[in-house]
Amino acid sequence: WGQSCTDTSECPSPTDFCVMAPGDAEGYCSTHCDSAQSCINSGAPEAWACVAVSCETEAFTWCGEPSEVEESGGFLKLCP
C-alpha cells in the first residue's frame with residue numbers, strides 16, 4: 001500500500017493498481033474500490049478511503065488518502 005510505482009506490474013499483492021495523476025511520472029500502489037469499507041476489507045491503511053472520479057465506475061476508483069479530494073479542487077470525490 002502506497003509503494004511508489006510507474007506501472008501496475010510493480011505493485012505487490014494485495015495491491016493491483018498503480019494510481020497515477022494525469023501528467024505524473026510516478027504514482028502509488030493501491031486497489032480499486034466501491035466503498036470505504038472495501039478499502040478497509042482489502043487491508044488499506046486505516047486512514048484511507050475510496051477516492052474516485054466516478055464512484056459508479058470501478059476503473060475510476062482507488063483506495064487513497066482522503067486529502068486527494070481537497071487537493072483535486074473538486075474533481076475527485078469520496079465514495080460512501
| query | What is the minimum heavy-atom distance between L76 and V69, and which atoms define it? | reply |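 Smallest interatomic distance, heavy atoms only, reads O-CG1, 3.3 Å.
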
| task | Measure across S38 and D34 and return the closest heavy-atom pair with its distance rounded to 0.1 Å. | result | OG-N, 3.2 Å

At what distance, to the nearest 0.5 angstrom, does [atom1] of [X] lie from [atom2] of [Y]?
{"X": "Y28", "Y": "C11", "atom1": "OH", "atom2": "SG", "answer": "10.5 Å"}
{"X": "W62", "Y": "C50", "atom1": "CH2", "atom2": "SG", "answer": "9.0 Å"}
{"X": "E70", "Y": "L78", "atom1": "CD", "atom2": "CG", "answer": "11.0 Å"}

| query | Would S35 and Q37 count as having a side-chain donor-acceptor pair, cut-off 3.5 Å? | reply |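 No, no side-chain donor-acceptor contact under 3.5 Å.
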
Any donor-acceptor N/O pair, [X] side chain to [Y] backbone, under 3.5 Å:
{"X": "T8", "Y": "C18", "answer": "yes"}
{"X": "E10", "Y": "Q3", "answer": "no"}
{"X": "E68", "Y": "E65", "answer": "yes"}
{"X": "T61", "Y": "C33", "answer": "yes"}

| query | Is E26 atom CD crowded by more than 12 heavy atoms from other residues, nucleotides or ligands, each under 6.0 Å away? | reply |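 It does: E26 CD has more than 12 such atoms within range.
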
| query | What's the verdict on side chain to side chain contact (heavy atoms under 4.5 Å, CB included) for C29 and F17, showing C-alpha distance, side-chain angles and the deciding distance? | reply | CA-CA 6 Å; C29 295; F17 177 57; over 6 Å; no

| request: Would you please test I40 and W48 for side chain to side chain contact (heavy atoms under 4.5 Å, CB included) and show each step? | output: CA-CA 8 Å; I40 292 166; W48 284 20; over 6 Å; no

